[in-house]
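Each remark here refers to the structure printed beneath this line.
In the text below, chain A, chain B and the rest are named by the order of the sequence lines, each starting its count at 1.
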Amino acid sequence: MIRPHGGEIVNREVSKSKKDRLREEAKESPKIQIDKSLEKEVRNIARGRYSPLTGFQNQNNFLKVVRDMRLETGEAWTIPIILDIDKEKKKELEEGDQAAIFREEEPIAMLDIEEIYSYDKKKTVKDLYGTDDTDHPGVKMYLEKDDYLVAGNIDYLKDPNHREDNYDLDPTETRVLFEEKGWDTSVGFQTRNAPHRGHEYLQKNILENIDGILIHPKIGKKKKGDFTDRAIMKAYEELMKEYYLEHKSVLSTFPTKMRYMGPREAVFDALVRKNHGCTHFIVGRDHAGVGDYYGEFEAQEIFKEFPDIEVEPLFYNYAFYCKKCHGMVSDRTCPHGSEQRIAPSGTKIRNMLREGEKPPKELMRPEVAQKIIDMDKPFIGD
Amino acid sequence: MKIEIPGELVEKIKERMEGSEFESVQEYVEYVLEEVVKEEYEEVEETEEEEDWDEEDEEKVKDRLRSLGYLD
């Protein structure tokens, strides 16, 4: 089994007795209210998805990640994991003290406040996204953050059995699962889409050489027009029950928001799947991209800067249906011209489904399309 | 049981007690020792739980995977 990033799976759960005590202390401590999206991040840290992180990043690590895409300890890490607070909250908090992280009325975690610092939001955004254009959905989200960041280790207070959904498996669980399935090699597949035949082609192609696949959609905040989490999961359920081997494939979720950070997010995605036990990770064309902010293969090229991450990226171009080959192929295998090719354009497929129309069966399984068409509001913002 | 405390330390304790709710050096020392013993006890308790973690937790994980239909 591949080593977790940083050597071991972080676990910020505490013993029951300590948890009871901390829950009491939380009532008297300064409170930091977080939204649903940040609650997911607290859990991702606590249960080891973000190993080796043990809390929210301090200024040195934050700057190192933004500038060099590495932690101070040298390990690759491309996206800052931070907790933002406003000026008023900053006045309530003291470095060296504890604060309770609350979601509505419930204490989620205790934070040992290591540091409170400000940051240059505009510069950070430019470094992370390569643009400060507010039409970029990730940039827009980032600029909405509060002006100060609070750093420190967390102790997780929620019930360990609490999950976002029944597909939400921790890294420890996927690792046990892969072992039980007898997989020596496994590949992670990140997605924010319902599956079309191009995805299926790519996934099955890889299964010719790798023992198993973890299909791992991001479940969380996405931009308007994207598939809803429910639509993604229902579509995959429909596809996998008929067309995938149970002992070779696992459908699970990665509860986090889409950042649309392109190349940086591709490396981050690979590291998280490494923590889940994946030896390989699929990086497609314009991975985690949006609009034309990133080059088609920028998310693949960035991996040259990370020869040390151990999880092996597998690079793929897009697949398409060739009328002459009578099947899904890619430009690495098909000799025919563009007039023979039907590309599974995500935008076109979404538009057809939105109109209640099934895309050609060569591009999307009819039963998958029907599942989405039958759903109430399968797209965000509809 | 009697425990001797160096005079210098007693003076420092008295300085610390100023403005606090402690009424005597004995009360202060008892409180500090209670806290230390409590913390040590908690650490022992947590260590024991962690030592048992691997085996038990793996079984719990398998149970959970079974209950979700990931394992037979």
- Query: Hey, is CD on Glu8(A) packed in by over 12 heavy atoms from elsewhere, all under 6.0 Å?
  - Reply: no
- salt bridge (charged side-chain N to carboxylate O under 4.0 Å, His left out) filter on Glu27(B), not counting sequence neighbours, yields none
- Item | Partner of Val176(A) under side chain to side chain contact (heavy atoms under 4.5 Å, CB included), chosen from Lys62(B), Arg64(B), Glu59(B) | Lys62(B)
- Item | Heavy atoms from other residues, nucleotides or ligands near CD of Glu106(A) exceed 12 (cutoff 6.0 Å) | yes
- Message: Are more than 12 heavy atoms, taken from residues, nucleotides or ligands other than Gln26(B), located less than 6.0 Å from that residue's CD atom?
- Response: no
- Message: Using side-chain heavy atoms (C-beta onward) and a distance below 4.5 Å, is Val61(B) in contact with Asp170(A)?
- Response: no
- Message: Within the supplied structure, the quantity of interest is the number of heavy atoms (other residues, nucleotides, ligands) at a distance under 6.0 Å from Arg230(A) CZ; does it exceed 12?
- Response: no
- Query: If you draw a 6.0 Å radius around CZ in Arg66(B), do more than 12 non-hydrogen atoms from other residues or ligands fall strictly inside?
  - Reply: yes
- Message: Which residues in residues 206-219 of chain A have any heavy atom closer than 4.5 Å to a heavy atom of chain B?
- Response: none
- What do the steps show when you test Leu65(B) against Glu180(A) for side-chain contact (heavy atoms from CB on, under 4.5 Å), and what is the final call? CA-CA 10 Å; Leu65(B) 291 169; Glu180(A) 289 293 302; 5.8 Å; no
- Message: Counting only non-hydrogen atoms closer than 4.5 Å, can you tell me which residues of residues 8-15 of chain B sit against chain A?
- Response: none
- Point-to-point distance, once rounded to the nearest 0.5 Å, from CD of Glu246(A) to CG of Asp72(B): 6.5 Å
- Note on the structure: Counting heavy-atom pairs under 4.5 angstrom with chain B, the leader among Leu177(A), Leu251(A), Val250(A) is Leu177(A)
- Note on the structure: Residues at least two apart in sequence or cross-chain that pass ring-ring contact (aromatic ring centres under 6.0 Å, His included) with Tyr70(B), listed by chain then number, are none
